[in-house]
Structures are given as C-alpha cells and as structure tokens.
Amino acid sequence: MNRIRLFRTTAFRLSLLYACLYSLVAAAGLGFIYWSTASHIETQVDARLQLETGVLLDQYRDQALPALAEAIRQRNRDDGQRKIFFYRLLGTTIAELPSALRAPDQPRVFANLRLREVFPLNQPRYGGDEPVRVLATYLPNGQVLVVGRDLNDERQLLDHTLSVVVGVTMLTFCLVILGSATQGYQTLRRIDAVSRTAGEIIAGDLARRIPITARDDEFDLLGRNLNAMLARIEELLVGMRQVTDNIAHDLRSPLNRLRNRLEVTLLEARGAEEYRTVLAQTIADADALLNTFNALLNIAQIEAGACRNEWTELDLGALTGELAELYEAVAEEGGITWRYSAEPAIHIQGDRQLLAQAVSNLLDNAVKYTPAGGRIELTVSRIDQRPTLSVADTGPGIPAEDRERVLERFVRLDNARSQPGNGLGLSLVKAVAKLHRAKLVLEDNQPGLRVSLRF
Amino acid sequence: MKLLVIEDDRAAAAYLVKGLRESGYGVDHAADGEDGLHMALEGCYDALIVDRMLPKRDGLSLISALRGAGVNTPVLILSALGGVDDRVRGLTAGGDDYLVKPYAFSELLARLNALLRRLRPEQQRTLLKVGDLELDCLKRRVTRAGQPIPLQPREFRLLEYLMRQAGQVVTRTMLLESVWDYHFDPQTSVIDVQISRLRSKIDKGFAKPLLHTVRGAGYSLHEPD
C-alpha cells in the first residue's frame, strides 16, 4: 500500500523525470566522448597507414618493384611476434581485389575489412576475423599495394568505453531513482504526520497540532502556518462556545427573575397602576437583557474580525475630542475634575465606531467608579513612537492580580457589583484593541486605574 | 398618514400594525417582497416599513426597485443584521433609516415621525422657530425672546435637530446617531447631561420651558400645551 502511494508522490514522479533527464544527459555526454575517441583513433590509424605506405612507395620509386616486393616480404616475415601492420602487393586484375577496395579511378582507397579478406596469413596466432583498417594504393604499373593495420586493441578500447558509457548511465539512473524513492518516502512521512493530525482534529481533539521538526524546512513552515490557523480556529470556537455558555448561564437568571416577577404579579388581582409599574419594570429588564445580548454578539463579531471594510484613517485627537465633549459634562455633573489633552496629528487606521465605543466604555467606567472630588484624564500622545490613548481615574483601581481577569466576559469585581453594568465593557475594549492590534494595558494610577491602548 | 408594513413574520407584523394604528396611522400590510413591491408602487403611502429579509424578494432589492421606478416614499428598514456595514448597505440601497431588531416600539415611532417630517417643505427652511425660540442656520445664531443665546457648535447641532423635529419625540439613540454619528449607546447618561446643559441655556430664566423629557422614550421640543 505504502509502496504504491510512494510511486504516486509528486516528489517521486519529479525525481523519476529528473532521473530520465540526468541519464539522458549522461548518456549523451559519454556517447560524445565515445564517438570522438573512435574518430580520433581512426584519424590516427589512417595517418599511420599513409606513413607506412609512403615509406614503401619511396622504396618502389627509388628501386622499382623487386625492392618493394622484398620489403613487403621482409615485413610480413614471421618473427614469432604478433604483427600490427600487414602488407600485400596484389596483381593487376581487379577481380583479385576485395570489392571494398575496387576503385581504380582513385589513387587510394581506405576500408575496414576482416584480416582474412586481404591477407592470407596462415599463422595460428591470427584467427582471420580480426578487424583491420586497410589502405589500398594503385601503383603506376597497375598493381595495388595494400597496407593493413590490426584494429583489435582499438576495438577493445572502444568496446570498453562503450560499456563504461552504458554502465555509468545505468548507475546514474539507479542512484537518482533510489534518491527519489527516499525523497518520496520522506515527503510521504511528513505529509502523513499532517494528515494524521488533521484526522485527530476531525475526530474531535481540537488541541492537536502538527509536529514541527528542528529542520525548519518548508514542511515546518507549512506546519507552523497550519498550526497558527488551527489556533485561530480553536480560539474562535472557544469564543463561540463562551458566548453560548454566557447566554446559558448569565442570561438565564435575569430571565428567570423577570418571569418570576410577572408570575407573582399575576397571582392576585391588582390595580391598574400596579400592573403598569410591573410592566414598565419588565420592559426595563427586557431592555437590559437585550443590551447584554447585543453586547455579547457585538464582542463576538469583533473578535471574529469580520468587519474590516469600515476602516479609515482616523485622527485620534478628533476621535477623542468628540467623546471628551460628552464626558466632560458628565464628569463635571458628578463633581469630578476632567482633564483632556491630545497631541495633534496622531493618525491610526481603524474603525471609528468601534474605537469610539471602546473609549466610551472606558470613560463610562471611569465616571462610574471615580468618587466626587476625583479626577479623570483622557490623554492621546505618542509614547515610544506608538500612538497611545489612555484613560486614567482616581477611583478604587483594580488589584494587579485581577487585571487580566476583568477583561473576561461577565467578570465583575465584588466592589463593582453595587454599580450598574453587565461586565462586558472591558471585554469589548479588549476585543477592539485586539482587532486594531493595539496593546491593552491596565496599570495602577496611584491611586486609581489607568487603561492604555498602545497602537 | 398612510403606512405600508412589509414584514413576513405574522406575529411581529400584527403587533406592529396594531401599535401603529393605535398611534393614529392608517396601515396596510404585505407579507412578502413581491406583494410589497406591487402595493408600494400602486398605493399612495407616506412611508414604508420594510423588513430586510423577506420571502420572494428581499428588502434591499425591493427598495432598489422602488427607487429605480422613481418612487421616493421614505423607507425605514428593519433588520436583524446590526453591523455597521449592514447599515451602510441598507442606506445605500435607498433606505432612509435603519432600525436593528429587536427594537423598542417607541424608538420605531420616533424614527418614523422623523422620516415623515423630513419630506415636509419646512424642513428646507433655514430659520427655525419654536415659540419664542429662534434658530438661524445660516447666521448660526440662536435667540429666545430676542435675547441671543451663545451655543457651542455641537449644542447648536443638537438644538437644530430638536427644532426640526419639534413636537415629536426624539430618542437618545436618534440624537447619538444624528448629532454625534455614534451607532452605539454609552452606558452613562451622556445625552441626558448634554440635554440638561442645553436646557439650562435655552429654558433657564423663561417662564415656559420648551425642552421636555418624555419618560421612557426621550425628549421633545415644543411649546407647553
């Protein structure tokens, strides 16, 4: 099974293609070497044949035919050693010549022949089948001088070269195939790890992640990206689950309260005025519930990060200026000192509505928890080059150990329970900050709380 | 005043029609987009209340078709989709106002009144008068009984809005949307404080108060009865 899949991997197929290509290139290269060696040898042999023929022709020219015949006889004499050159003087009739040498209109002819076709040497050390290169030269008297050279050694060299060519080509092919198989197997193993993880996640284990090796290769990069994606999906799912849990737990009791009040009211006949009061109360409760519900959905929507098309370039000073106008009046009504300062021309990319709502939530909290005689400061500035918006108050503040917790949904500290609110204000601020990639920092204002958004 | 309610949820529609009739409007009802479009094209209505999601033809396409046919009846869109871009899409399709479900009936009524007023010729006026209070949009001047009243720019816009809706109930949400362009409700009573500041400027020292609080709904600027 695994073997069949191995053959199907892209890595293997690509490698197979490359194996064929490499082998072809190797074969072509070595083939060229073979061919050029062969032609070089032929040129060399032909040159030697011409040299030998030249020496004999010189003798013929100087001392006429008998001297030539004697020279040939001398050279053909059996001295107990294997000869490389063979000589023969053929008669005038064309018919005596092997057909390859018949070309009387040319002064000389080269040919490749078998030894026995031209040289009848009755010596046991020659089989007669040996390949010879032959140069036939027509003498002025009509006779033909034939000089042959044994090509046995050259042929062996070429045969050897050829087998090297074939061998190396096959070896290249085999090595590349082996490499591809290994490569394919490796790929398959890494991919298997990914699909195994995916399978486990599909089966319900959302916490599974793709194993990352120390190699830091493209698979690890892919794995890391997929893991980041999985983390995001898990985060969204957890967020959704949280919303449903919140609805189940935190909306159930106010709904129950509302229902009980109506039920108790119906137990006895009451005056119209009392009914009116109860109904008005019920509407107020329903509104509060709807507000909570909307706030929850709003936070979930912001956390899902789905609303980027309203983004524009915003002047933080202008954004906070409008809110400052609204809250300054509220602070003054409550006997709280209001301070507002904004450095000019601090721009960020963002959603005006969401940011205004987040700042408004922070200011709502500040106004709610700052006692008369206290102070609220809204500041827009650059801190370490980063646009920073902060709201500081002189209220009770939040203990350091609770600063993380208060950002969660529906978390209200004990001393906050006397104040109206649904425990979602800071959760929204957190979601908005995250959407804008801003850092949300809660600090001690000594006394009080300072909340900063660092963009 | 005749209204057409195009809403497929029968219970919601019945409640809406009943409430609107009790508030003194003549109301017709259509249960799907196609019927609604025909009725809106043929009938003579002062305003339409259109649910965004309707069978046969959705609310936004209905409004586009209506506007394409040259019908300029004001449209109030009702929708369960409350995102800012949903709102923008609703308004660009030709809607005049956008109300997210669930809504308070008093909110719907106040917005409907504002819509119906928007078409009247006096809305184009630049000199507004309520009792002895006068507001000149061009000179950006406010006087009461001839006495000039200095206002901050935002207070001026707030008063202008209230005066254009004189005699009608204006909700806090409407003020936040129209005067501040905020589509969320702050938890603190920021609007109440703004109103009380405005009130102290225009009503203080005068026998007849003009700016009234309507319990459970909002505010109204009018001469006392």
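Residue numbering restarts at 1 for every chain, and letters A, B, ... go by the order of the sequence lines.
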Run the salt-bridge test on [X] and [Y] with the 4.0 Å N-O cut-off and return the result as yes or no.
X	Y	answer
B:E155	B:K201	yes
A:E332	B:R197	yes
B:D51	B:K101	yes
A:E377	A:R375	yes

Contact part of [X] toward chain B, heavy-atom cut-off under 4.5 Å: side chain, backbone, both or neither?
X	answer
A:V330	both
A:L326	both
A:L428	neither

Next item on the list: Would you verify whether the NZ or CZ of B:R144 falls within 45 degrees of the ring axis of B:F206 while also being under 6.0 Å from that six-membered ring's centre?
Entry: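 Judged by the rule, B:R144 and B:F206 form a cation-pi pair.
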Item checked: B:Q187 versus chain A, the contacting section by heavy-atom distance below 4.5 Å ->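 The answer is both parts of B:Q187.
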Checklist line | Interchain contact, B:D181 with chain A, by part (heavy-atom threshold 4.5 Å) | finding: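 When you check distances to chain A, atoms from both the backbone and side chain of B:D181 fall under 4.5 Å.
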Next item on the list: Pick whichever of A:E333, A:E325, A:K368, A:R352 has the most heavy-atom pairs under 4.5 Å with chain B.
Entry: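 Most pairs with chain B among the choices: A:R352.
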